[in-house]
Protein chains: 2
Amino acid sequence: MSLRHGLLGLLAEGPASGYDLARRFSEALGLVWPARHPQIYMELSRLETAGLIEVDSHGPRGRKAYRLTDAGLAEVRRWLSEVEVDHTFRMETLFRSYFFWLMEPDDLKAHLAREERFYDEMAQRLRGYAESKDRGEWGTGRQARAMRIALEAGVRVNQALVDWARWAQETDPMTADDFGTAQPDEAQPDEARPNEAQPGGTGSTG
Amino acid sequence: MSLRHGLLGLLAEGPASGYDLARRFSEALGLVWPARHPQIYMELSRLETAGLIEVDSHGPRGRKAYRLTDAGLAEVRRWLSEVEVDHTFRMETLFRSYFFWLMEPDDLKAHLAREERFYDEMAQRLRGYAESKDRGEWGTGRQARAMRIALEAGVRVNQALVDWARWAQETDPMTADDFGTAQPDEAQPDEARPNEAQPGGTGSTG
DNA sequence: TTCAACATGTAAGAAGTTACATGATTAC
DNA sequence: GTAATCATGTAACTTCTTACATGTTGAA
């Protein structure tokens, strides 16, 4: 449902085609809300039918640019200030961390190192964008400022994940000497079958 | 696709019913990967058909607990160490921030304050869990440690969002005096129609 | 006896992905 | 001419949500 409003928000910046919008999503925007071109084109059709956008112009190779209608602008504003934010986030990285105890210590170490590197590169990249915005390379209007705020969030979240991955490796919580089960090069005995080794928290009467 | 493996991961802790699993998702787990009961029950059926889990016991009111099979354990381990992590995250909060420039300054202030409070409460709550884990109230095994690592990530990400919301309010980037368009109590003239006021970045030839 | 919590499902639909299909224009 | 990029779509499928439907058990 957010995609709908996101498209309206992007069109508020000025007329754009499905292709343009898809490109925006493949860049920074897609880091927090992925969307592929089929979904975008279909959503644009629906928005047009609903009267929230209309065709602005036809370009070179079948290019079709849309523009926001008054109703569309009103709708995206309504969304921003009246519709409750959905605070659930979907992060596979964090989801996986619940299951780290099932991994071989070496695999886990390698995994955390990879994750740290990934988020570090991402944070760096976003910081680069942020700096160019701070130098005024993208203008100084309200829109550029909003971009800057969004970027800052990206930087901070990614940096938090870098710090987390570093912390997890440093405190070495799953690979410490005092917890030596499932050594990498040994065949796993029964401890490796957590299913039977655990009492099984949630009672399962017969 | 992650749900499938998440369920296997949870069942690695010991036998559980669809109801049990749904409850886990409605708690901490659902913060990073939401799942409702219909999806869970259907996924469990599929996993059973695939031979990755099997019925462990039948309980009181039609309760049906599943247990992981050897194939299931192998599969979740394969996922954890061989399958690429999907790094896209879906965060409506951040997505919205791209469109802050469309909001009335007062609405934006209120919005950021609400967001700050929400994430602060969440961070606090997770810190509470983390502390009780650190006191050893949840055991000290590999599984408890994994939980602790997951929790730490939650704390850090939520705290990063608190700091961000605070920063955004403090630097007051969208409400500063030097950018006085769209004052709350005035009727909006043409500046309030960003669609036409902007040159429109992505060329739209006719 | 009645209410809350336990417990499992189906059906319809919305949202999102992947694969397929096609053609125009530009740069080399 | 030929490859990359621009540009739009459809079809099939998976994933996820919402609403509906039903029945059990235990506590007040």
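Order of the sequence lines fixes the chain letters, A, B, ..., with proteins taken first and strands second; residue numbering starts at 1 for each chain. The figures that follow rest on heavy atoms only: side chains count, while hydrogens, waters and symmetry mates do not.
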Tell me whether the OP1 or OP2 atom of [N] has a side-chain N or O from [X] closer than 4.0 Å.
X     : N      : value
B/R63 : D/dT24 : no
B/R23 : C/dA5  : no
A/Y41 : D/dG9  : no
B/Q39 : D/dC16 : yes
B/Y19 : C/dT8  : no

Starting at [atom1] of [X] and ending at [atom2] of [N], how long is that distance when rounded to a whole Å?
X     : N      : atom1 : atom2 : result
B/M42 : D/dT15 : CE    : C1'   : 9 Å
B/E92 : C/dA15 : CD    : P     : 13 Å
B/H37 : C/dC6  : NE2   : C1'   : 12 Å
B/R46 : D/dT14 : CZ    : C1'   : 8 Å
B/E43 : D/dT15 : CD    : P     : 7 Å
A/H58 : D/dG9  : NE2   : P     : 10 Å
B/M1  : D/dT15 : CE    : C1'   : 11 Å
B/L21 : C/dG9  : CG    : C1'   : 15 Å

Tell me which nucleotide among [options] gets nearest to the side chain of [X].
X     : options               : value
A/P38 : D/dA7, C/dT18, D/dA19 : C/dT18
B/W33 : D/dC16, C/dT17, D/dA7 : D/dC16
A/R61 : D/dG26, D/dT15, D/dT5 : D/dT5

For this session: On the 0 to 90° scale, with breaks at 30° and 60°, tag the A/W138-A/Y129 ring pair as parallel, tilted or perpendicular.
Result: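 Judged by the thresholds at 30° and 60°, the geometry between A/W138 and A/Y129 is perpendicular.
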Exercise. Taking the side chain as C-beta and beyond, is there a heavy-atom pair between B/V157 and A/F89 under 4.5 Å?
Worked result: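 SC-SC contact between B/V157 and A/F89 confirmed.
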For this session: Apply the test side-chain hydrogen bond (donor to acceptor under 3.5 Å, both in side chains) to residues B/E92 and A/S2: give CA-CA distance (whole Å), side-chain angles for both, the deciding distance (0.1 Å), then the verdict.
Result: CA-CA 7 Å; B/E92 220 206 77; A/S2 291; 3.2 Å; yes
For this session: Find which nucleotide of DNA chain C each of B/K64 and A/P34 is nearest to by heavy atoms, and output the residue with the more 5' nucleotide.
Result: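 Looking at DNA chain C, the more 5' nearest nucleotide goes with B/K64.
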Exercise. Is there a donor-acceptor contact under 3.5 Å from the side chain of A/R156 to the main chain of B/V162?
Worked result: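 Here the side-chain-to-backbone pair does not exist.
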Exercise. Can we say B/R63 and B/D20 salt-bridge, meaning some charged N sits less than 4.0 Å from an Asp/Glu carboxylate O?
Worked result: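 Looking at B/D20 together with B/R63, the answer is yes, because their closest N to O distance falls below 4.0 Å.
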